[in-house]
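Heads up, the thing below is written out as structure tokens.
Since this is a predicted model, take the numbers as computed values, not measurements.
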Amino acid sequence: MIVAPSLLSADFLHLDRDVEMVNRSRAGYFHLDVMDGVFVPNISFGFPVIKAVASKAEKPLDVHLMIVHPENYISQCRDAGAAIMNVHQEACLHLDRTIHAIRDAGMLPAVTLNPSTPVEMLRDVIADVHMVLLMSVNPGFGGQKFIPNTLAKVARLRALIEETGSQALIEVDGGVNIDTAPALAAAGVDIVVAGSAVFGAPDPEDMISRLTDI
């Protein structure tokens, strides 16, 4: 599987060190969670931090906006260095318009679903997205336990992708670790986001390799 380490769990006092570790590692992406304290009950970081990471990153930035009105920040996301702009279905009144605006801005559009949002909500747009991110915890905090029903949801999403002929990748975020990742790989997940499992490990770079080899 492709691993996208979540910088939400990195050491912000030594963020440059952790960015360099991810650069050296077998990770496929940097995952950056932007929280506004409105859409989710927490606040993380904004575009200045993303821009600083992008200046040192040697892998694409997957920027996950857990915010209200993400369509208002498309140009800022692009200018900060995002390769993938990931918005929540629940936060977008006009999701189709937002997806196309992201692509027109030169980024790859991705859509995230909260645990309670059915995959069927994406039927009419899934052919236009690069990636679908399934939250396997309720968004807003790192270090939560994996929601087991996510495996069945992955299967439903995979079926929808095949039925519609979409090329969308499946990404899962929340509670991903060395114990939960094998079942996700077996279910057909392409990318896993891992935060505390990576940055809390004695050897983060080795943990990325172990997850990649699953």
Side-chain angles (χ1 to χ4, degrees), residues 3-22 27 29-57 59-95 98-99 101-102 105 107-117 131-147 150 171-177 191-201 204:
V3 179
S6 173
L7 293 188
L8 189 64
S9 297
D11 182 350
F12 279 78
L13 190 61
H14 302 286
L15 192 55
D16 55 342
R17 179 197 65 195
D18 286 350
V19 169
E20 289 299 332
M21 182 278 295
V22 175
Y29 302 92
F30 286 87
H31 189 86
L32 295 99
D33 291 308
V34 178
M35 304 179 185
D36 63 358
V38 180
F39 182 70
V40 294
N42 209 344
I43 295 173
S44 59
F45 49 77
F47 297 114
V49 172
I50 296 171
K51 191 170 184 177
V53 171
S55 71
K56 298 293 184 181
K59 301 171 191 286
L61 270 56
D62 172 17
V63 177
H64 177 194
L65 298 182
M66 304 185 195
I67 66 174
V68 297
H69 303 301
E71 67 276 5
N72 293 340
Y73 301 96
I74 293 173
S75 61
Q76 291 96 319
C77 213
R78 176 199 61 208
D79 294 346
I84 301 169
M85 181 172 171
N86 207 322
V87 300
H88 272 258
Q89 184 273 339
E90 305 86 0
C92 293
L93 180 61
H94 302 289
L95 182 58
T98 300
I99 288 168
I102 291 170
M107 295 176 290
L108 295 172
V111 177
T112 302
L113 298 180
N114 280 338
S116 62
T117 303
M131 180 168 66
V132 176
L133 170 56
L134 298 181
M135 293 301 301
S136 45
V137 299
N138 287 291
F141 299 92
Q144 298 183 66
K145 290 185 177 179
F146 180 82
I147 297 174
T150 304
E171 183 176 46
V172 169
D173 182 4
V176 174
N177 54 45
I191 305 165
V192 290
V193 177
S196 55
V198 167
F199 292 102

Hey, are the side chains of [X] and [Y] touching, using non-hydrogen atoms and a 4.5 Å cut-off?
X: M85; Y: V63; answer: no
X: L108; Y: M131; answer: no
X: F30; Y: V19; answer: yes
X: S6; Y: S196; answer: no
X: M21; Y: V198; answer: yes

[X] side chain vs [Y] backbone, donor-acceptor pair below 3.5 Å:
X: E90; Y: N114; answer: yes
X: S44; Y: M35; answer: yes
X: D11; Y: D18; answer: no

key: Stepwise side-chain hydrogen bond (donor to acceptor under 3.5 Å, both in side chains) test for D33 and H31   = CA-CA 7 Å; D33 291 308; H31 189 86; 3.0 Å; yes
query = Among L8, D62, L61, which residue meets the side chain to side chain contact (heavy atoms under 4.5 Å, CB included) test with L32?
reply = L61
As an exercise, state the distance from [atom1] of [X] to [atom2] of [Y], rounded to the nearest 0.5 Å.
X: I43; Y: I67; atom1: CD1; atom2: CD1; result: 12.0 Å
X: E171; Y: M135; atom1: CD; atom2: CE; result: 9.5 Å
X: L133; Y: L113; atom1: CG; atom2: CG; result: 8.0 Å

So, for [X] and [Y], which heavy atoms are closest and what is the spacing to 0.1 Å?
X: P5; Y: Y29; result: CD-O, 3.1 Å
X: A197; Y: A201; result: O-CB, 3.5 Å
X: V172; Y: V176; result: O-CG2, 4.0 Å
X: P115; Y: P139; result: CD-CD, 4.2 Å

query = When you look at M107 and I74, which way does the side-chain contact (heavy atoms from CB on, under 4.5 Å) test go after all the steps?
reply = CA-CA 9 Å; M107 295 176 290; I74 293 173; 3.8 Å; yes
ask   = Between H88 and H64, what is the ring plane arrangement, given parallel below 30°, perpendicular above 60°, and tilted in between?
value = parallel
query = Can you list the steps and then say if F39 with V34 is a side-chain contact (heavy atoms from CB on, under 4.5 Å)?
reply = CA-CA 10 Å; F39 182 70; V34 178; over 6 Å; no
task = Check step by step if side-chain contact (heavy atoms from CB on, under 4.5 Å) holds for L65 and T112.
result = CA-CA 9 Å; L65 298 182; T112 302; over 6 Å; no
inquiry  = Can you confirm whether more than 12 heavy atoms, excluding those of Y73, are under 6.0 Å from its OH atom?
reply    = no
message = Would you say that more than 12 heavy atoms from the other residues, nucleotides or ligands in this model lie under 6.0 Å from the NZ of K51, or not?
response = no
request  = Check the pair L15 / V49 against side-chain contact (heavy atoms from CB on, under 4.5 Å), numbers first and verdict last.
outcome  = CA-CA 10 Å; L15 192 55; V49 172; 4.1 Å; yes
